[in-house]
A.B. asks: 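To start, I am sharing the structure in question, which I have written as structure tokens.
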Amino acid sequence: MNKVITVGIAGLGRSGWGIHANWLKDCPEKYRVVAVADKISERRQDAVALFGCKTYADYREMLVEDQFDLFVNATPSKFHVDAAIAALKNNCNVLNEKPSAKTVADFDRITTVARQTGKIFYPFQNARFYPFFQKMREIIDSGILGDIVFIRSNWSGYARRWDWQTLQSEWGGNLLNTGPHPVDQAIVLFGEEYPEVSCKMYANHPSGGDAENFCTLMLTGQEKPTIEIVLNSFQVYPQGEMYNISGTFGGLTGGPKELKWKYFNPAEAPPPELWRSWSKNRKYCIEQLPWKEDCWKYDEKDDNANGFYHKAKALYNDLYEVLTNHAEQEIKLEQVRRQIYVIEQAHKQNKL
């Protein structure tokens, strides 16, 4: 029989309830929620009805009075660091909602405690498990696009907000809210180095919030692709697909529902003769390349390609193997540390 991981959820808001509880209720053969914590009594009552679990108004009380294998840290963002450290010190493995931290120093505090206690710290970077992103990595790694020169990632639309995500004091803003997903993907595509970071932010909320709702990031490095990330809440018209990738032998475009890529084999292309001075016979450089084109579509029979459920399922399955079979984490802590570095540098460059 499979080992069942007992779970305590801290925070039953949009993420704790809509993502984590929504998935955990469907996998009793691997996970069993035994305790939850939330300040709002109605939310605690919902959890009792769904899981028949113990409830607490404060996660710290839950950690002291209850015992479980896994602490799901879905507290509000500004409590992520303290809650994760408290759970690790209480001998719990931790699944930590994004952002894991706001600074590298705080992220290092968490991972240091995890090493000292011998417990697993697993950042909830569920966008890493998007089927389209995994397919995109496979295409890039195959080499058919050549050297990757430029990647543009656009996570934008027009939307006004008036909740806590508009407040810097609550760790709000596009970069700390949506940003950990595209930045995490960018770190994977960039490679095993810390990038140079350039960022521009802008904040404009009719409600009076002061956190950015426009952010554009540029990641660069020696012999690395240039990666641009756009998080724009003022984009009324769509601007192409979520991803557009430029390589020396081809390119790729697409997003969660579909990818298409076009490429050629340089061995099959005629080698051009270099014109060292003037053009020959006033001609332009024109050639017919042996282009090939392919596409991939997500099968939506069971899950929505844009939905949280599929990505939560894949991540929790990976975490289960880590906890029960000592498998290597798909989400590497050093990768997340570089993600936090990018976010910290962006905020240092923009004093809103």
A.B. asks: Does some side-chain heavy atom of F132 sit less than 4.5 Å from a side-chain heavy atom of K135?
C.D. replies: no
A.B. asks: Taking ring pair (Phe, Tyr, Trp, His ring centres under 6.0 Å) as the criterion, tell me which of W23, Y130, Y298, F129 meets it with H310.
C.D. replies: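 By the ring pair (Phe, Tyr, Trp, His ring centres under 6.0 Å) criterion, H310 pairs with just one of W23, Y130, Y298, F129: Y298.
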A.B. asks: Say whether I227 and V197 are linked into one hydrophobic cluster, either directly or through other cluster members, by side-chain heavy-atom distances under 4.5 angstrom.
C.D. replies: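 Same cluster: I227 reaches V197 through Ile, Leu, Val, Met, Phe, Trp or Tyr contacts under 4.5 Å.
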A.B. asks: Do you know the tightest heavy-atom contact between K98 and S77?
C.D. replies: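 Minimum heavy-atom separation between K98 and S77: O-OG, 4.3 Å.
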A.B. asks: So, does N265 use its side chain to make a donor-acceptor pair with the main chain of A267 at under 3.5 Å?
C.D. replies: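 Indeed, once roles are kept as given, a pair shorter than 3.5 Å links the two residues.
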A.B. asks: Would you say I19 and F124 make side-chain contact, with heavy atoms under 4.5 Å?
C.D. replies: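 Yes; the side chains approach each other to less than 4.5 Å.
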A.B. asks: Quick one: ring-ring contact (aromatic ring centres under 6.0 Å, His included) pairs with a partner in residues 37-59, sequence neighbours left out?
C.D. replies: none
A.B. asks: Could you give all pairs that pass the ring-ring contact (aromatic ring centres under 6.0 Å, His included) test and reach residues 273-296, with sequence neighbours left out?
C.D. replies: F264-W291
A.B. asks: Any sub-3.5 Å donor-acceptor pair from D294's side-chain atoms to W261's backbone N or O?
C.D. replies: no
A.B. asks: Go through the steps to decide whether E192 and K332 satisfy the test salt bridge (Lys or Arg N to Asp or Glu O under 4.0 Å), and finish with yes or no.
C.D. replies: CA-CA 11 Å; E192 302 299 313; K332 308 294 189 296; over 6 Å; no
A.B. asks: Provide the full list of salt bridge (Lys or Arg N to Asp or Glu O under 4.0 Å) pairs with a residue in residues 19-39, sequence neighbours left out, each pair given once.
C.D. replies: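 Every pair satisfying salt bridge (Lys or Arg N to Asp or Glu O under 4.0 Å) with a residue in residues 19-39: D38-R43.
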A.B. asks: With sequence neighbours left out, what residues match T166 under side chain to side chain donor-acceptor pair (under 3.5 Å)?
C.D. replies: none
A.B. asks: Mind checking whether F79 and V72 sit in one hydrophobic cluster, side chains of I, L, V, M, F, W, Y counted as touching below 4.5 Å?
C.D. replies: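 In one cluster with F79: V72, no.
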A.B. asks: Would the distance check show the side chain of D58 and the main-chain N or O of R60 forming a donor-acceptor pair, the cut-off being under 3.5 Å?
C.D. replies: yes
A.B. asks: Side chain of H80, backbone of N96: donor and acceptor closer than 3.5 Å?
C.D. replies: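 Not confirmed, H80 side chain does not pair with N96 backbone.
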A.B. asks: Checking N93 now: which residues fulfil side-chain contact (heavy atoms from CB on, under 4.5 Å) with it, not counting sequence neighbours?
C.D. replies: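 Expected list: L70, K119, I120, L323.
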A.B. asks: Identify the heavy atoms of V94 and A87 that sit nearest to each other, and give their distance.
C.D. replies: CG2-CB, 3.6 Å
A.B. asks: Using atom types as modelled and distance alone, determine if a side-chain donor or acceptor of Q329 lies under 3.5 Å from a backbone N or O of Y122.
C.D. replies: no
A.B. asks: Does atom CD (E328) have a neighbourhood of more than 12 heavy atoms from anything else shown, all under 6.0 Å?
C.D. replies: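 At most 12 heavy atoms, drawn from other residues, nucleotides or ligands, come within 6.0 Å of this atom.
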A.B. asks: Taking the side chain as every heavy atom from C-beta outward, state whether V7 and L95 have any atom pair closer than 4.5 Å.
C.D. replies: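 No, too far: nothing below the 4.5 Å cut-off.
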A.B. asks: For a 4.5 angstrom cut-off between non-hydrogen side-chain atoms, does L189 reach P225?
C.D. replies: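 Result no, sub-4.5 Å side-chain heavy-atom pair not found.
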A.B. asks: Under 4.5 Å between side-chain heavy atoms, hopping through other hydrophobics if needed: is there a path connecting V230 to I343?
C.D. replies: no
A.B. asks: Please tell me whether N232 and Q239 have a donor and an acceptor in their side chains that are separated by less than 3.5 angstrom.
C.D. replies: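 No, because no side-chain N or O of N232 sits under 3.5 Å from a partner of the opposite role on Q239.
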A.B. asks: Tell me the ring-ring contact (aromatic ring centres under 6.0 Å, His included) pairs involving residues 152-196, sequence neighbours left out?
C.D. replies: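 Those involving residues 152-196 are Y194-Y341.
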A.B. asks: Surrounding CG of D147 (heavy atoms of other residues, nucleotides or ligands, distance under 6.0 Å), is the total greater than 12?
C.D. replies: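 Not buried by this count: 12 neighbours or fewer within 6.0 Å.
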A.B. asks: Using the side-chain contact (heavy atoms from CB on, under 4.5 Å) criterion, which residues pair with K348? Sequence neighbours excluded.
C.D. replies: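 Applying side-chain contact (heavy atoms from CB on, under 4.5 Å) to K348 gives E344, Q345.
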A.B. asks: In this structure, are over 12 heavy atoms from other groups packed under 6.0 Å from K89 atom NZ?
C.D. replies: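 No, the 6.0 Å shell around NZ holds no more than 12 heavy atoms from other groups.
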A.B. asks: Are the side chain of N73 and the backbone of A83 linked by a donor-acceptor contact shorter than 3.5 Å?
C.D. replies: no
A.B. asks: Would you say CD of Q67 has more than 12 non-hydrogen atoms from neighbouring residues, nucleotides or ligands within 6.0 angstrom?
C.D. replies: no
A.B. asks: Does any non-hydrogen side-chain atom of I331 lie less than 4.5 Å from one of V336?
C.D. replies: yes
A.B. asks: Sub-3.5 Å donor-acceptor pair from the side chain of E330 to the main-chain atoms of L315, do we have one?
C.D. replies: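 No; judged by distance alone, with no hydrogens or angles, the pair does not exist.
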A.B. asks: Answer yes or no: is there a donor N or O on one side and an acceptor on the other, between the side chain of S233 and the main chain of N213, under 3.5 Å?
C.D. replies: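 Yes; judged by distance alone, with no hydrogens or angles, the pair exists.
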A.B. asks: When you group the ILVMFWY residues by side-chain heavy-atom contacts below 4.5 Å and let the links chain together, are V4 and F71 in the same group?
C.D. replies: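 Shared cluster, no.
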A.B. asks: Which value, rounded to the nearest 0.5 Å, describes the distance between T111 atom OG1 and R337 atom CZ?
C.D. replies: 7.5 Å
A.B. asks: Got a sec, which residues hit side-chain contact (heavy atoms from CB on, under 4.5 Å) with Q116, two or more places apart in sequence or on another chain?
C.D. replies: T112, V113
A.B. asks: If the condition is side-chain contact (heavy atoms from CB on, under 4.5 Å), which residues does D46 pass it with, not counting sequence neighbours?
C.D. replies: W17
A.B. asks: Is it true that a side-chain atom of N317 and a backbone atom of K313 form a donor plus acceptor pair closer than 3.5 Å?
C.D. replies: yes
A.B. asks: In terms of ring plane angle, is the pair F107 and F121 parallel, tilted or perpendicular, where the classes change at 30° and 60°?
C.D. replies: perpendicular
A.B. asks: Tell me whether L175 is reachable from V188 by hopping between hydrophobic residues (I, L, V, M, F, W, Y) whose side-chain heavy atoms are closer than 4.5 Å.
C.D. replies: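 Yes; tracing contacts between hydrophobic side chains, which count when under 4.5 Å, links both residues.
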A.B. asks: Is there a donor-acceptor pair under 3.5 Å between the side chain of D66 and the backbone N or O of A35?
C.D. replies: no
A.B. asks: Dump the intermediate steps for salt bridge (Lys or Arg N to Asp or Glu O under 4.0 Å) on E241 and K260, then the final yes or no.
C.D. replies: CA-CA 11 Å; E241 300 290 347; K260 58 182 180 180; over 6 Å; no
A.B. asks: More than 12 foreign heavy atoms under 6.0 Å from CD of E293: is that the case here?
C.D. replies: yes
A.B. asks: For Q125, which residues count as a side chain to side chain donor-acceptor pair (under 3.5 Å) partner, sequence neighbours excluded?
C.D. replies: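 For Q125 the side chain to side chain donor-acceptor pair (under 3.5 Å) partners, ignoring immediate neighbours, are Q339.
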A.B. asks: List, one per line, each side-chain donor-acceptor pair under 3.5 Å for residues 199-207, sequence neighbours excluded.
C.D. replies:
{"from": "Y202", "atom 1": "OH", "to": "N204", "atom 2": "ND2", "distance (Å)": "3.1"}
{"from": "H205", "atom 1": "NE2", "to": "A211", "atom 2": "O", "distance (Å)": "2.7"}

A.B. asks: With heavy-atom distances below 4.5 Å as the criterion, would you say the side chains of C27 and Y320 are in contact?
C.D. replies: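 Heavy-atom side-chain distance check fails, nothing below 4.5 Å.
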A.B. asks: Show me the pairs that pass salt bridge (Lys or Arg N to Asp or Glu O under 4.0 Å) and involve residues 169-188, at least two apart or across chains.
C.D. replies: K78-E170, R128-D184
A.B. asks: Return the orientation label for the H20 and Y316 ring planes: parallel under 30°, perpendicular over 60°, tilted otherwise.
C.D. replies: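 Taking Y316 first and then H20, their aromatic rings stand perpendicular (interplane angle over 60°).
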A.B. asks: Less than 4.0 Å between a side-chain N and a carboxylate O, is that true for E65 and K54?
C.D. replies: no
A.B. asks: Hey, are the side chains of T226 and E228 touching, using non-hydrogen atoms and a 4.5 Å cut-off?
C.D. replies: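 The answer is no; the side chains never approach within 4.5 Å.
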A.B. asks: Is there side-chain contact between V64 and E61, with at least one heavy-atom pair below 4.5 Å?
C.D. replies: no
